[in-house]
Amino acid sequence: MESSDPDNQIQESQAGNERDRLVGEQRLMHDRLTKIAALRELGIDPYPRSYRRTHTTAEAVKLLEAAEASHDDPEEHARTEPVSVAGRIMARRGMGKASFIDLKDGSGRIQLFARENILGDKFELLDLLDLGDIVGASGAVVRTRRGEPSVEITDLVVLTKAIRPLPDKWAGLQDIEARTRQRYLDLISNDRAMRNALLRPAIVASIRKFMQGRGFVEVETPVLVPVAAGASARPFTTHHNTLNRGLYLRIATELPLKKLMVGGIEKVFEIGRLFRNEGVDQDHNPEFTTMESYEAYADYEDVMAMVEQLVSTVALETTGSMLLKAPEEGGPDIDLTPPWPRLDLRQEIIKRTGIDFVECDDVESLSGAMRERGIHVEPGLSWARLLDKVISSSVEPHLIQPSFLVDYPVAMSPLAKRKPGVDGIVERFEAFVLGHEMANAFTELNDPVDQRARFEEQESMRKDFKDDEADRLDEDFLVAIEHGMPPAGGLGIGIDRLAMLICREESIREVILFPQLRN
RNA sequence: GGCGCGCUAGCUCAAUGGUAGAGCAAGUGACUCUUAAUCACUAGGUUCGGGGUUCGAGCCCCCGGCGCGUCACCA
């Protein structure tokens with residue numbers, strides 16, 4: 001470091017002055033950039049193009065355990081063949097002529113044990129390393145006196161110098177805004193964030209496997225659509241320049257999938273992103289993921305059986321159990337083992353509120369009954385929207401263990417088939433766990449004349465109640481089913497909600513890597 | 001959108017209206033089995049932004065920004 005060249009000394013002191021002028025994060029970055037320059041001075045590239053590792057950290061630990069298991073001389077310590085590992089420096093404990101480094105990779109962590117007498121000149125490299133840097137290290141895996149599996153390193157390679165510091169090594173990143181805006185820091189420093197990030201794709205893979213195992217064909221249908229139909233929601237709008245026409249982002253995949261039913265794909269499903277131009281809160285994100293499936297010749301009883309099998313199987317595959325233990329923050333254990341109770345919607349509403357929607361069959365009587373029971377009534381809502389409110393405020397919160405609400409009023413369900421022999425009721429169910437709706441399904445309406453009438457009713461609701469979330473008439477779809485859609489059972493299941501359940505997270509933000517923030 | 005809460009060092013958090021602090025991270029030094037290493041020293045602040053009240057504001061008031069919670073709606 002010291003130099004007899006006076007110019008050099010002046011430069012060094014100027015550099016020192018420059019450092020003194022810098023404050024906070026600027027100085028932290030300056031120090032790291034200075035180390036990068038020093039590495040280059042030594043002919044070391046701080047960003048080499050690749051590194052050949054022989055073992056992940058988890059594999060290295062396993063290797064040591066195997067060596068110890070086949071080791072017969074208790075006097076001598078087990079020692080593996082040399083390995084090469086790579087990862088991010090998470091902590092460092094310097095001991096003068098020895099140093100301990102915690103290295104983290106995608107599989108776990110391992111300690112690096114650096115000793116000057118073994119590493120030689122390379123020991124000085126440690127002075128140029130920082131927490132957050134990515135390095136490669138090689139050497140035999142041994143166990144230290146304190147029992148920690150460690151790579152006793154003979155070689156150390158800088159793979160990436162970081163120029164910004166990591167979050168607090170103990171507390172991690174706490175601020176929810178920073179955790180979502182800079183999810184990479186969350187993933188590095190919070191184990192639960194990484195667990196969730198990996199659990200969700202495992203859930204999706206498991207769903208796909210389940211559906212494919214039952215002979216369902218996965219398809220992709222358009223995100224950009226001329227009519228945002230198939231559900232009750234406000235759509236996002238966009239514009240195609242060359243075609244010079246307005247388009248919507250889809251709010252459901254239901255109608256195109258049913259067109260494929262007409263076409264003869266008898267078991268079909270799609271896992272995809274939907275977009276709804278509505279609020280952001282603990283369990284709503286404007287873009288979210290669903291799995292929708294349609295099975296020809298099945299009815300909603302078949303679908304109910306499939307849903308309880310699907311959800312319990314996915315939980316078993318991804319967590320090893322159908323029993324979801326309560327998280328540390330508290331809450332009930334959840335048992336997903338089938339069968340789940342089937343609860344008649346009408347009876348459940350009566351049980352919780354005393355309101356019988358068969359008697360309160362118009363807006364006046366229903367809103368009156370709601371007001372009597374202290375349920376806030378927004379003026380100008382349709383009967384269907386009012387009843388939906390009764391259900392979500394008075395029934396859903398009680399559905400903690402998995403259960404099905406069964407048989408909905410036709411006014412709430414424009415795409416579901418009427419239940420034979422029961423006036424005003426359709427064959428529809430929703431699945432609930434922890435008070436959240438997980439799935440919505442019905443025996444699909446395939447009578448084209450009735451379907452057209454239902455759409456027209458929705459259109460008039462849009463006008464009469466200024467309900468811009470009412471479902472929309474899709475002429476192309478009606479023409480399709482006028483050619484004959486087989487009887488079918490359909491399902492929509494919220495992947496984000498399912499991920500929340502299996503991750504035992506209360507907020508949708510914890511299972512979406514980059515959720516929408518407010519404003 | 002209404003209401004409530006929050007925003008202080010890179011990170012995690014303190015601070016009766018009265019000199020803005022600690023731990024981690026950083027820098028210097030000591031240390032060859034540590035693991036939230038330890039020990040000594042050093043540096044690091046537009047207290048989210050703007051206005052106001054006050055002798056004096058991180059703290060009280062007003063306006064704005066961002067976030068969270070809650071109410072309403074969608075899965």
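Hydrogens, waters and symmetry mates are skipped; everything else that's a heavy atom, side chains included, is used. Owing to the predicted nature of the structure, the values given are computational and were not obtained by experimental measurement.
Here A:K122 does not pair with A:E116 in a salt bridge; the nearest charged N to carboxylate O distance is not below 4.0 Å.
Remark: the A:D175 side chain and the B:C68 base include no donor-acceptor N/O pair separated by less than 3.5 Å. For B:U34, its base sits under 3.5 Å from the side chain of A:Q111 at one donor and acceptor pair at least.
RNA chain B lies under 4.0 Å from at least one heavy atom of each of the following residues of residues 124-133 of chain A: A:L131.
Centroid-to-centroid, the aromatic rings of A:F236 and A:Y248 stay 6.0 Å apart or farther.
Paired runs in RNA chain B that reach 3 or more consecutive Watson-Crick or G-U pairs, where each pair keeps both distances under 3.5 Å, cover B:1-7 with B:65-71, B:10-13 with B:21-24, B:26-30 with B:38-42, B:48-52 with B:60-64.
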Distances under 3.5 Å only, N/O to N/O: pair up the protein atoms with those of nucleotides 19-23 of chain B.
| from | atom 1 | to | atom 2 | distance (Å) |
| --- | --- | --- | --- | --- |
| B:G23 | N2 | A:D168 | OD2 | 2.7 |

Taking N or O atoms only and anything under 3.5 Å, show me the protein contacts with nucleotides 44-47 of chain B, one pair per line.
| from | atom 1 | to | atom 2 | distance (Å) |
| --- | --- | --- | --- | --- |
| B:G44 | O2' | A:G24 | N | 3.1 |

Give each protein N/O atom lying under 3.5 Å from an N/O atom of nucleotides 3-6 of chain B, with the pair distance.
none

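Contacts classified as ring pair (Phe, Tyr, Trp, His ring centres under 6.0 Å) and involving residues 164-189 of chain A (residues at least two apart or in different chains) are not found.
The side chain of A:R509 contributes an N or O atom lying less than 4.0 Å from OP1 or OP2 of B:G69.
A cation-pi arrangement, defined by a distance under 6.0 Å to the six-membered ring centre and an angle within 45 degrees of its axis, is absent between A:R342 and A:F404.
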